[in-house]
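Since the structure comes first, as structure tokens, the remarks are kept for the end.
Only a predicted model underlies this, so the values are computations on that prediction, with no experimental measurement involved.
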Amino acid sequence: PQLNFRTVVRCFMEIAAIIQGFSLILMMGNGWLQEMGSNEEQPLRRFAVWLGGSVRSALSAVVPVKAFRRRHKSLEEIWDTKPQASRPT
């Protein structure tokens, strides 16, 4: 390869463009994260919530053991609580 002033300058320019591109991508990603973190209803956030619910329901349909244990535990906790007897005054 030929190493002269022109190729060195071009190399530095290409590296600068790559760094600038990464910084633009990071700025865009930070904007998206801040937008997703807000409580406003964005289409992307609604889609993510829908997708998460769908995956969760599909997994619980395929592997119902964890859902059954959770229901069973909640029913056991109901019986574990002691009723508060009211004292006559």
Looking at Ile18, Ile19, Leu24, which one forms a side-chain contact (heavy atoms from CB on, under 4.5 Å) with Phe22?
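Exactly one pass, corresponding to Ile18.
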
Over 12 non-hydrogen atoms of neighbours within 6.0 angstrom of CE in Met28
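Yes, CE of Met28 has more than 12 neighbouring heavy atoms, counting only those of other groups under 6.0 Å.
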
Please round to the nearest 0.5 Å and tell me the distance separating atom CD of Gln20 and atom CD1 of Ile15.
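Reported to 0.5 Å precision, the distance equals 13.5 Å.
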
